[in-house]
Amino acid sequence: QGNLLDNYIKTEGAWILSHNKHIYKTNNPEECAEKCEAETKFTCRSFTFTSKDQQCTTLAENTKKALVLRRTNAVLFEKRMYLLECRRGKGEDYRGTESKTRNGVSCQKWADTEPHVPRFTPDSNPNDGLEENYCRNPDKDVYGPWCYTTDPKKRFDFCNIPECEEECMHCSGEKYQGNISRTESGLECQPWDAQKPHSHGYIPANLPDKDLKMNYCRNPDGEPRPWCFTTDPSKRWEFCNIPRCATPPPTTGQGLQCLAGNGDNYRGKIAITESGKTCQNWASQFPHKHARTPENYPCKALDENYCRNPDGESRPWCYTTSKDVRWEYCSIPSCEETKVEITAEAVDEQVPNTEDCYQGNGATYRGTTSLTVSGKRCQAWRSMSPHSHKKTPAAFPNADLRLNYCRNPDGDRAPWCYTTDPSVRWEFCHLKKCGDLQTVVQKPVQTTTESGTADCILGKGKDYRGTTAKTGSGKTCQAWSSQTPHTHDFFTPLTHPHAGLEQNYCRNPDGDINGPWCYTTDPRKAWDYCEIPKCPPPQYECGKAKRKQKMCPQR
Amino acid sequence: IVGGCVSNPHSWPWQISLRTSFEQHFCGGTLIAPQWVLTATHCLERSQRPSSYKVFLGLHHEAKKDPSLQIRDVEALFKEPDGADIALLKLSSPALINDYVIPACLPKAHTVVGGKIECYVTGWGETQGTGGEGKLKETGFPVIENKICNRPEFLHNKVKSTELCAGNIDGGTDSCQGDSGGPLVCPEHDKFIQHGVTSWGLGCAQPRKPGVYVRVSSYISWIERTIANN
């Protein structure tokens with residue numbers, strides 16, 4: 001039946017500012033989602049939840065409009081419905097931002113009375129999302145969302161809102177989000193998060209943008225159609241039969257005549273490979289048989305024998321007419337903007353990795369580390385994908401925001417970066433403070449494990465089981481089983497039986513990067529970190545070199 | 001290693017050089033415990049006798065005998081019984097664990113390394129003119145899911161489920177002859193886990209012909225059993 005949170009997209013470490021908001025105390029994000037659903041003062045489009053404070057903030061804004069900020073321990077949940085720019089069925093619940101009719105005429109605001117006096121207004125239909133001049137369907141018109149137009153001669157017109165791909169698929173089904181879970185031969189699909197009977201690398205957590213839910217057919221890898229691993233041990237995977245949508249696919253703008261990015265939008269007429277071979281016609285199966293046909297990739301403009309990139313390759317390519325060479329890349333002239341970008345990156349890549357640690361809070365760190373503490377790759381500062389942000393090189397000209405190197409432009413505790421994982425907005429980097437570098441170890445010893453009762457911590461102190469019961473600011477800790485002065489249901493001995501939440505000892509049940517913490521007995525301070533010394537460095541741990549790797553080539 | 005770069009000395013302290021009794025490098029390997037090295041079975045074709053092999057640890061320059069160098073004889077060879085290209089070497093005595101010699105971590109049994117994870121291979125093998133000969137080189141690239149790797153454009157159903165592919169689609173960087181038996185490691189939190197043993201490829205660094213590595217997680221129970229029994 002699904003969870004209430006399935007209706008939301010989750011981003012860790014994110015926070016947004018909104019004028020319209022309501023703050024609650026809830027035990028978990030599910031309860032916060034209930035508050036959002038029940039909100040009456042404004043349309044709740046998202047909420048943030050911080051587990052330690054058990055603070056739930058319901059918000060009118062989402063990341064489409066509001067400024068997104070970083071915040072440790074906060075998790076942002078955005079309601080899918082308000083992020084979608086497609087319609088389901090007649091589109092009564094369409095809440096996207098299209099504001100032009102199918103003929104390109106601007107819509108009239110629903111609250112305005114000129115040039116047309118509307119029958120449907122935000123006051124008369126408060127639940128139909130009649131905001132601004134966005135296309136809506138308050139009267140459940142069979143032709144879908146519409147609006148009053150700003151043309152005095154045309155009272156209203158319909159908008160061209162694409163169908164969400166829930167029942168059917170456009171193109172090759174890359175965005176299909178339906179629930180079909182059987183293959184074309186009738187085999188049941190294996191859930192994506194299972195590794196039996198077939199082990200595989202399509203791990204949902206690693207591919208958050210591919211919607212690998214349950215055991216539904218999906219197309220995460222540029223196949224001609226959605227597919228799935230099957231529950232039959234003898235058949236690893238098979239295509240599914242998903243009906244094609246009757247409506248035209250969403251337009252992606254005009255194609256380019258030059259190479260930008262991976263060239264998937266290239267629509268030029270170059271038909272020769274980089275070694276000078278003539279391309280094979282995409283519709284032909286000679287001399288090479290293949291599945292990259294115009295029928296299988298109807299949205300990829302596989303016209304004639306022109307170089308194309310239908311399947312997420314790194315650049316346009318084609319099958320060749322030489323029977324000895326199945327395929328080759330094509331040389332497509334770069335668009336000017338890309339040339340500038342590549343040049344700048346190439347220069348930056350010459351900077352040597354000279355610093356492996358940071359001083360103070362790392363604001364002056366200028367090294368080339370680009371991995372986070374949990375091993376995620378950093379997003380380039382000038383990139384807005386997967387996370388859009390304001391920490392750009394232009395906004396912080398003195399912060400040296402080059403490539404995707406870890407930096408601290410905003411005076412945080414340590415260098416950090418936005419991550420390339422869409423579900424984790426940012427993380428601190430895999431860097432040590434200069435004074436903390438491990439000393440040379442000479443003696444052979446046994447592997448040390450992160451456990452024990454010593455009053456010192458290893459790593460983040462997740463396994464700390466010592467008896468320190470005061471915070472770094474000298475406040476006494478509240479017992480984990482107590483509800484005074486701070487009520488808290490999220491971290492208790494019952495909810496986290498293996499986290500060692502005994503008495504009022506400092507613990508780290510949520511793997512906080514700053515180490516063990518506790519609720520305090522000070523009614524004004526809900527929780528604070530404890531100051532526990534680090535254990536002497538283990539003399540060796542497997543997989544941990546004393547010298548830093550170059551990790552080349554850095555991209 | 002074709003492409004890539006010369007590594008920081010001793011930054012991959014689990015890498016070993018497998019040598020003939022005349023101390024000629026011919027394969028790589030990985031220290032996984034003080035007295036145990038993981039390598040490829042095809043590296044052991046030249047002789048069934050342990051005395052035919054030597055293991056060099058703590059090395060950066062292939063031909064230099066740095067103070068960090070430790071040399072061990074091989075006490076026993078253990079080839080994977082079902083013919084997979086993975087083998088264990090028991091050293092005559094445990095390696096001294098220090099800044100230059102540290103074992104790699106092994107993955108949990110049957111874990112699958114995710115499709116987008118970037119992993120690293122190291123070795124003293126052929127460079128095909130890309131520089132760094134004689135020094136330990138490294139290169140990084142993503143793991144490619146077997147389903148993709150087995151497409152006709154790639155390795156066309158040649159990759160078994162007990163193997164994994166890794167490389168750049170465009171080619172240009174790869175492991176090569178002489179790197180066999182060495183490690184493919186992937187960062188996980190603050191450690192490197194050995195997910196692959198360098199095994200085979202169609203040429204080196206060719207476009208759409210990624211390198212193939214034995215999937216270590218498929219053989220954890222054999223590794224644990226062999227070490228425990230010996």
Side-chain angles (χ1 to χ4, degrees), chain A residues 195-196 198-203 205-207 220-223 227 229 236-237 288-292 311 313-315 317 319 326-329 353 371 373-375 377 420-421 430 438 440-447 459 539-555, chain B residues 3-14 32-34 94-100 102-106 110-118 120 138-141 143-148 152-153 161 164 168-170 173 185-194 207-208 215 217-218:
Chain A
Q195 291 291 333
K196 284 183 181 171
H198 305 287
S199 64
H200 63 90
Y202 293 86
I203 298 159
N206 290 349
L207 302 164
D221 55 358
E223 289 286 356
W227 57 274
F229 294 105
R236 188 158 192 257
W237 68 278
H288 304 288
K289 278 194 168 183
H290 64 93
R292 272 39 172 183
D311 53 356
E313 272 292 346
S314 55
R315 30 199 182 111
W317 59 277
Y319 296 105
R326 183 171 166 82
W327 69 274
E328 252 182 2
Y329 289 117
N353 184 359
L371 271 188
V373 71
S374 72
R377 270 259 170 254
T420 53
D421 180 341
H430 180 37
Q438 290 187 343
V440 174
V441 178
Q442 301 294 351
K443 285 180 278 180
V445 283
Q446 298 299 308
T447 307
Q539 288 172 312
Y540 96 76
E541 283 182 84
C542 71
K544 276 190 172 181
K546 305 286 183 194
R547 309 281 173 98
K548 198 167 174 78
Q549 297 77 19
K550 279 187 187 164
M551 298 179 101
C552 78
Q554 288 275 4
R555 287 171 196 275
Chain B
C5 60
V6 173
S7 66
N8 284 333
H10 311 295
S11 58
W12 307 97
W14 37 85
I32 57 163
L96 197 66
I97 306 301
N98 56 27
D99 280 8
Y100 314 104
I102 298 171
C105 302
L106 292 176
H110 307 296
T111 51
V112 175
V113 60
K116 277 186 176 174
I117 303 292
E118 186 148 85
Y120 295 86
E138 65 177 57
T139 189
F141 35 60
V143 168
I144 299 170
E145 222 288 340
N146 285 26
K147 175 174 170 283
I148 305 264
E153 287 77 14
S161 61
L164 65 85
N168 285 330
I169 303 292
D170 295 359
T173 188
V185 293
C186 311
E188 227 172 274
H189 299 291
D190 53 352
K191 291 178 178 178
F192 282 96
I193 313 288
Q194 188 188 4
R208 295 209 197 189
R215 197 182 282 276
S217 67
S218 302

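All of these numbers come straight from a predicted model, not from anything done at the bench. A, B, ... follow the sequence lines: proteins, then strands. Residue 1 opens every chain.
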| request: Applying salt bridge (Lys or Arg N to Asp or Glu O under 4.0 Å), run through B/Asp190 and A/Lys544 and close with a yes or a no. | output: CA-CA 7 Å; B/Asp190 53 352; A/Lys544 276 190 172 181; 3.0 Å; yes
| Is the closest side-chain donor-acceptor distance between B/Glu138 and B/Trp12 under 3.5 Å? | yes
| task | Indicate the atoms forming the closest heavy-atom contact of B/Pro187 with B/Glu118, along with that distance. | result | CD-O, 3.3 Å
| chain A interface, residue from B/Arg208, B/Glu188, B/His10 that has the most non-hydrogen pairs under 4.5 Å | B/Arg208
| query | So which part of A/Glu223 gets closer than 4.5 Å to some heavy atom of chain B, the side chain, the backbone, both or neither? | reply | both
| Passes side-chain contact (heavy atoms from CB on, under 4.5 Å), A/Arg292 versus A/Asp311? Steps please. | CA-CA 8 Å; A/Arg292 272 39 172 183; A/Asp311 53 356; 3.1 Å; yes
| Heavy-atom distance under 4.5 Å to chain B: side chain of A/His200, backbone, both or neither? | both
| task | Please flag which part of B/Gln194 lies under 4.5 Å from any non-hydrogen atom of chain A: side chain, backbone, both or neither. | result | neither
| request: Take the angle between the ring planes of A/Tyr202 and A/Trp227 and call it parallel below 30°, perpendicular above 60°, tilted in between. | output: perpendicular
| field | Contacting moiety of B/Tyr100, where chain A heavy atoms sit under 4.5 Å | value | side chain
| field | Residue part contacting chain A, namely of B/Ile169, when any heavy atom lies under 4.5 Å | value | both
